[in-house]
Amino acid sequence: MKVKVINRSKHDLPRYETPLSAGMDVRANLDTPITLGPLERAMVPTGLFVELPQGYEMQVRPRSGLAAKRGITVLNAPGTVDADYRGEVKVILVNLSNEPFEICDGERIAQLVVARHECVEWEPTDALSDTTRGAGGFGSTGKQ
């Protein structure tokens with residue numbers, strides 16, 4: 001799939017790090033570093049502008065290494081870039097650790113996953129079909 005992209009960053013375009021990767025690492029595009037204190041958040045620019053095809057979205061997901069090792073994650077994970085959005089792709093990062101974290105220019109801060117989606121047409125009704133699960137939610141299927 002080809003996706004139009006304008007790269008106004010100082011860095012290469014995001015790319016898949018391994019042949020079977022679902023996500024492409026995206027880098028911070030900064031003139032000066034950003035320091036996130038504990039529980040602080042920031043919108044981090046990437047310098048990227050995209051034109052996704054109709055029926056697709058781009059999900060902005062956390063990088064597992066940053067989350068596990070440093071407590072840094074995408075606040076609205078997954079963030080969604082819609083096909084009709086033409087502004088700069090930015091990543092909302094939050095520091096969930098007890099230590100300050102410095103985001104430097106060129107640092108890999110998140111991953112981008114392009115995915116197909118469907119548009120829903122609601123069908124109002126007075127009843128839904130029965131299932132074994134029924135209305136059970138949040139932990140209702142047990143601990144296994």
Side-chain angles (χ1 to χ4, degrees), residues 1-125 128 131-144:
M1 155 193 291
K2 294 196 183 273
V3 173
K4 291 181 181 179
V5 60
I6 296 171
N7 185 1
R8 293 193 179 137
S9 80
K10 303 174 279 297
H11 312 291
D12 291 337
L13 288 172
R15 67 176 189 271
Y16 299 101
E17 295 295 323
T18 67
L20 298 180
S21 293
M24 299 171 276
D25 289 342
V26 65
R27 297 179 182 274
N29 186 52
L30 302 171
D31 294 326
T32 59
I34 296 172
T35 300
L36 284 181
L39 300 180
E40 287 185 340
R41 63 188 177 271
M43 289 183 56
V44 182
T46 66
L48 300 176
F49 301 75
V50 298
E51 183 179 327
L52 296 165
Q54 182 178 349
Y56 286 85
E57 65 162 329
M58 187 165 60
Q59 299 173 4
V60 181
R61 298 183 183 180
R63 292 192 67 237
S64 58
L66 272 181
K69 296 174 186 172
R70 305 302 302 271
I72 306 301
T73 191
V74 175
L75 186 58
N76 61 328
T80 297
V81 177
D82 293 308
D84 58 352
Y85 177 68
R86 294 296 182 267
E88 181 178 10
V89 175
K90 294 184 180 182
V91 177
I92 306 170
L93 288 183
V94 64
N95 181 355
L96 298 179
S97 78
N98 294 320
E99 303 292 327
F101 179 77
E102 184 177 74
I103 305 164
C104 297
D105 181 54
E107 184 162 357
R108 293 181 297 163
I109 56 170
Q111 55 182 325
L112 305 175
V113 175
V114 175
R116 180 181 286 282
H117 70 84
E118 297 293 327
C119 289
V120 170
E121 182 180 330
W122 294 109
E123 183 180 337
T125 185
L128 302 176
T131 67
T132 303
R133 182 177 186 169
F138 302 106
S140 66
T141 58
K143 258 187 160 180
Q144 287 185 2

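Heads up: numbering here begins at 1 and tracks the sequence. We use all heavy atoms of the structure for the numbers below, so side chains are in, but hydrogens, waters and symmetry mates are not.
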Notebook entry, point to check: Taking all non-hydrogen atoms of both residues, which atom of E88 and which atom of T46 are closest, and how far apart?
Noted result: OE2-N, 3.2 Å
Margin query: Can you tell me how far apart CD1 (I72) and CD (E102) are? Round to the nearest 0.5 Å.
Written below: 11.5 Å
Note to self: When you measure from the side chain of N95 to the backbone of L36, do you find a donor-acceptor pair of N or O atoms at a distance under 3.5 Å?
What the structure shows: yes
Margin query: Quick check: do F101 and L66 have side-chain heavy atoms less than 4.5 Å from each other?
Written below: yes
Note to self: Go through it in stages, so that I can follow the logic: the residues are L112 and V60, the test is side chain to side chain contact (heavy atoms under 4.5 Å, CB included), and I'd like the CA-CA distance, side-chain angles, deciding distance and then a yes or no.
What the structure shows: CA-CA 5 Å; L112 305 175; V60 181; 3.9 Å; yes
Checklist line | Minimal non-hydrogen separation, A42 against I34, with atom names | finding: CB-CG2, 4.2 Å
Check: Checking side chain to side chain contact (heavy atoms under 4.5 Å, CB included) against M58, which of L48, V81, V3 comes through?
Finding: V81
Checklist line | Between OG1 on residue T35 and CD on residue E40, distance to nearest 0.5 Å | finding: 9.0 Å
Item checked: Side chains of I103 and L93 in contact at under 4.5 Å (non-hydrogen atoms) -> yes
Check: Looking only at heavy atoms, what is the nearest atom pair of D105 and K10, with distance?
Finding: OD2-CE, 3.2 Å
Next item on the list: Can you measure from CZ (R27) to CZ (R15) and round to the nearest 0.5 angstrom?
Entry: 6.5 Å
Next item on the list: Of all the heavy-atom pairs spanning K2 and P53, show the shortest one and how long it is.
Entry: O-CG, 4.5 Å
Note to self: Measuring only between side-chain heavy atoms, which start at C-beta, is R116 closer than 4.5 Å to M1?
What the structure shows: no
Check: For the atom pair CG (D25) and NE2 (H11), what is the distance rounded to the nearest 0.5 Å?
Finding: 13.0 Å
Note to self: Give me the atom names and distance for the closest heavy-atom approach of V113 to A22.
What the structure shows: CG2-O, 3.7 Å
Check: Looking only at heavy atoms, what is the nearest atom pair of R41 and L75, with distance?
Finding: CD-CD2, 3.4 Å
Note to self: Quick check: do L30 and T32 have side-chain heavy atoms less than 4.5 Å from each other?
What the structure shows: no
Checklist line | Inter-residue atom distance T73.OG1 - I92.CD1, 0.5 Å rounding | finding: 11.5 Å
Checklist line | Rounded distance [0.5 Å steps], CD in Q59 versus OG1 in T80 | finding: 6.0 Å
